[in-house]
Amino acid sequence: MIKVTLKDGVVREFEQNITIYDVAKEISQGLAREATAAILDGKVADLRTKLDKDCELSLLTFSDDEGKKAFRHSAAHILAQAVKRLYPDAKFAIGPSTDDGFYYDFDRETAFSADEVQAIENEMKKIVKEDIPIEFFTMPREEAIAFFKDKGEPYKVELIEDLPEDSIISFYKQDDFTDLCAGPHIFSTKAIKALKLTSVAGAYWRGDEKRKMLVRIYGTAFTKASDLEAHLEKIEEAKKRDHRKLGKELKLFILSDDGPGFPFFLPNGMIIKNKLLDFWRDAHVEAGYVEISSPIMLDKRLWERSGHWQHFSENMYTSEIDEREFAIKPMNCPGGMMIYESEPRSYKDLPLRMGELGLVHRHERSGALHGLMRVRSFTQDDAHLYMTREQVKEEIIGIIKLVDKMYSTFGFDYKVELSTKPENAMGSDEDWNLAIDALREALEAEGVQYRVNEGDGAFYGPKIDFHIEDSIGRTWQCGTIQLDFQLPERFELEYVGADGKKHRPVMVHRTLLGSIERFMGVLIEHFAGSFPVWLCPVQVKVLPISDKFLEYAEKVSENLSKSGIRVEIDKRAEKIGFKIREARNERIPYILVVGEKEQAENTVSVRSRRGEEGNSTVDKFIEDIMEEIVSKRI
């Protein structure tokens, strides 16, 4: 007999070599029907896995993230099977699940047309109805290579050849279709009852621009048709909110092939960007930070010393000056540490909180570039905090509170992840365990719910990531807190303690908004271009009914402008209804119509996003809108 510790802490005994699926059946037939995968001793496992020793086991359903991945990964296999049925000459590459669906990459002479994609989707639905069992088996490496060579699948051959010679290769088979795969997968095609192919794109094989461009088909799958329908509605809403489309319409920024990945900000966009930077600075002054600025280019030796060159050089731009190699900074950390070590430090100086809005450059592949969301040059909302070990918990709590304050200003809910030691980590297990415990204790002290993301920490320390949720339910990773015992060691940072001896400070890397450019992109889509008044490039538009009232409109505009309100007058000889529609399309929060009555009474007719609000004196309107601006009301 073996002992199995279940998710709720209950320990049950089972016969040795029982499968995870049979465990699920013994617990509940309903659970067995819904289960898609499991977590076995901290790792994702297939339900077909046999249990041969005492273990910890959590059963997963579609409601769990890893459960969704197993379900949708099975849908990706159905996609590949459908393509091979209809277009047998297509070569198949890889087909993983994604955060909200799945994709599969194919090598085909021509891209799939819209009609062909629809035919593939129809074939997928036939495969689902056929209720084909999904079977697991293994082969030795050489036998697996021969298997795919015989089938004429070069991409699968390459993947297997990259594995160690003694590897046992796992496969999943459904009828005439067999795929190389580590799993896990569900038991039958029948479970994928609600699916949809959503788009087609190009993708380089293995993400390498020097390799062949493949055709990538995206799709999604759910357990219920109603959930699929809701998801597709969200996709349509997301298209309307696309920040690239709205950025052009609202004249916020432009993108150019002459500077791929380097956005150009227009006057309206600069207003929003500067307001975000002002907001950042005010919050940091209040939280006890000082602001610094480090050079955009530094000697390669510095990046070798920090470890970034060894871990990040392929993403760095370099230049030779006076026969020395320099690198444009991809992050602000080394410059911040040089500022710390520029003068002697005492324990009385700590904690020292240094904020920096540094322009950084990273070489992203051209296929990964996406509007403001993925760029090659961006302003990093950064800070480095230096402290004693005793101060770590309190400083992390302070950052968590600052995160909450800043995100709540925009109306964002957020989820939190604690990421632990990766394979390429620097430093001892002892330091890593101390750092992880410090982050965990701070989260628990603040009552923050979080999930652990094993092995996803930075190479120099564990981290807390903040994933904000926008108005249509999408999540974006923006803020992060990274605790670092390693870089202060590499740079030999010191402070004199109360005992008169030299000690090594602990350092925290921290971003809140992340990339300012990316955060702007998120805000554009979150608010669908209808920003809170304090962020709007134009807060008020004054519309004279005719040229006869233009002088009064200018008087109103002057009064608003003197109060710091951003205002424009529409002086065009157009009908008032047309002007109102244009102002609404521009997402102007307040429209003031002025005509004979308003001029006579020294008032304005107010229209807002809420609708018509009647007449108001100019002074009262100024008072009301200023309260909204100062309070940053959403």
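The analysis underlying the following values was restricted to heavy atoms, covering all of them including side chains, and did not include hydrogens, waters or symmetry mates.
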Practice task
Please check if the distance between the ring centroids of His243 and His370 is under 6.0 Å.
Solution key: yes
Any donor-acceptor N/O pair, Ser346 side chain to Lys348 backbone, under 3.5 Å
yes
message: Check Glu492 with Arg504, please: is the shortest side-chain N to carboxylate O separation under 4.0 Å?
response: no
Going by an N to O cut-off under 4.0 Å, is there a salt bridge joining Glu494 and Arg345?
no
Within the side chain of Glu517, is there an N or O that forms a donor-acceptor pair under 3.5 Å with the backbone of Phe519?
no
Check your understanding: Any sub-3.5 Å donor-acceptor pair from Thr420's side-chain atoms to Gly455's backbone N or O?
Key -> yes
Check your understanding: Just by distance, do the side chain of Asn433 and the backbone of Asp429 share a donor-acceptor pair under 3.5 Å?
Key -> yes
Hey, is Glu325 close enough to Lys300 for a salt bridge, meaning N to O under 4.0 Å?
-> yes
side-chain contact (heavy atoms from CB on, under 4.5 Å) test vs Arg440 passes for just one of Ile464, Ile396, Leu418, namely Leu418
### Task
Ignoring hydrogens and angles, state whether a donor on the side chain of Lys68 or Ser97 is under 3.5 Å from an acceptor on the partner side chain.
no
Margin query: Quick test of your reading of the model: are Glu525 and Arg474 salt-bridged, counting only N-O distances below 4.0 Å?
Written below: yes
Is it true that, when you exclude Asp257 itself, more than 12 heavy atoms of the residues, nucleotides or ligands shown sit nearer than 6.0 Å to its CG? no
Short N-O contact, Glu304 and Arg301, less than 4.0 angstrom: no
If you measure only the distance, is there a donor-acceptor pair under 3.5 Å linking the side chains of Asp413 and Tyr407? no
So for atom CD, which belongs to Glu441, do other residues, nucleotides or ligands contribute more than 12 heavy atoms lying within a distance under 6.0 Å?
yes
Handout entry: Flag for Glu356-Ser294: side-chain donor and acceptor within less than 3.5 Å
Key = yes
*Are side-chain N/O atoms of Arg241 and Ser471 paired as donor and acceptor at under 3.5 Å?*
yes
- Task: Would you confirm whether the ring centroid of Tyr340 sits within less than 6.0 angstrom of the ring centroid of Tyr386?
- Result: yes
**Asked** Under a 4.0 Å N-O cut-off, is there an ion pair linking Glu314 with Arg365?
**Response** no
- Query: Does atom NZ of Lys632 have more than 12 heavy-atom neighbours from other groups under 6.0 Å away?
  - Reply: yes
Residues Arg389, Asp431: salt bridge by 4.0 Å N-O rule: yes
Residues Asp99 and Lys69 bridged, charged N to O under 4.0 Å:
no
task = May I have the step-by-step check of salt bridge (charged side-chain N to carboxylate O under 4.0 Å, His left out) for Asp166 and Arg141, ending in yes or no?
result = CA-CA 7 Å; Asp166 59 352; Arg141 179 176 176 273; over 6 Å; no
* Asked: Do Glu469 and Trp476 get their side chains close enough for a donor-acceptor pair, meaning under 3.5 Å?
  -> no
Any salt bridge between Glu395 and Arg353, counting N to O under 4.0 Å? yes
Rounding to 0.5 Å, atoms CG (Leu535) and NZ (Lys275) come to a distance of 9.0 Å
Side chain of Asp64, backbone of Thr61: donor and acceptor closer than 3.5 Å? yes
Determine whether Glu291 and His284 satisfy the following criterion, side-chain hydrogen bond (donor to acceptor under 3.5 Å, both in side chains), listing intermediate values before the conclusion. CA-CA 8 Å; Glu291 186 174 356; His284 282 70; over 6 Å; no
Worksheet item: Do Trp205 and Asp105 have a side chain donor and acceptor closer than 3.5 Å?
Response: no
Is Ser170 reaching over with its side chain to a backbone N or O of Cys181, donor-acceptor style, under 3.5 angstrom?
yes
Q | Lys463 vs Glu417, salt bridge (charged side-chain N to carboxylate O under 4.0 Å, His left out): CA-CA, chis, key distance, verdict | A | CA-CA 8 Å; Lys463 61 178 180 172; Glu417 279 184 350; over 6 Å; no
Presence of salt bridge, Asp242 and Arg244, under 4.0 angstrom | yes
Taking the ring centre of each residue, are His503 and Tyr495 less than 6.0 Å apart? yes
task = Using modelled atom types only, decide if a donor and an acceptor are shared between the side chain of Ser408 and the backbone of Asp404 within a distance under 3.5 Å.
result = yes
(message) With a sphere of 6.0 Å drawn around CE of Met338, does it hold more than 12 non-hydrogen atoms of other residues, nucleotides or ligands?
(response) no
Which of Val522, Asp381, Leu357 passes side-chain contact (heavy atoms from CB on, under 4.5 Å) with Leu513? It is Asp381
### Message
If we ignore hydrogens and angles and just use 3.5 Å, is the side chain of Thr36 paired with the main-chain N or O of Gly67 as donor and acceptor?
### Response
yes
Checklist entry - In terms of heavy-atom contacts, does CG of Asp162 have more than 12 from other residues, nucleotides or ligands at under 6.0 Å? => result yes
- prompt: Strictly under 6.0 Å, is that where the ring centroids of Phe410 and Phe279 end up?
  reply: yes
Ring centers of Phe412, His526 separated by less than 6.0 Å
yes
(Q) Looking at Gln449, I want to see if its CD is surrounded by more than 12 non-hydrogen atoms of other residues, nucleotides or ligands under 6.0 Å. (A) no
#### Entry: Residues Asp382 and Arg510 bridged, charged N to O under 4.0 Å
no
Whether Arg566 side chain and Trp534 backbone form a donor-acceptor pair below 3.5 Å: yes
- Inspect the surroundings of CD in Glu320 and state if more than 12 heavy atoms from other residues, nucleotides or ligands are less than 6.0 Å away. yes
Here the gap from Leu372 atom CG to Ile524 atom CD1, rounded to the nearest 0.5 Å, amounts to 5.5 Å
Does a donor on one side chain sit under 3.5 Å from an acceptor on the other, for His509 and Asp484?
yes
(request) Classify the side-chain pair Thr480/Asp465 by whether it contains a donor and acceptor separated by less than 3.5 Å. (result) yes
NZ or CZ of Lys210 within 45° of Tyr204 ring axis and under 6.0 Å
no
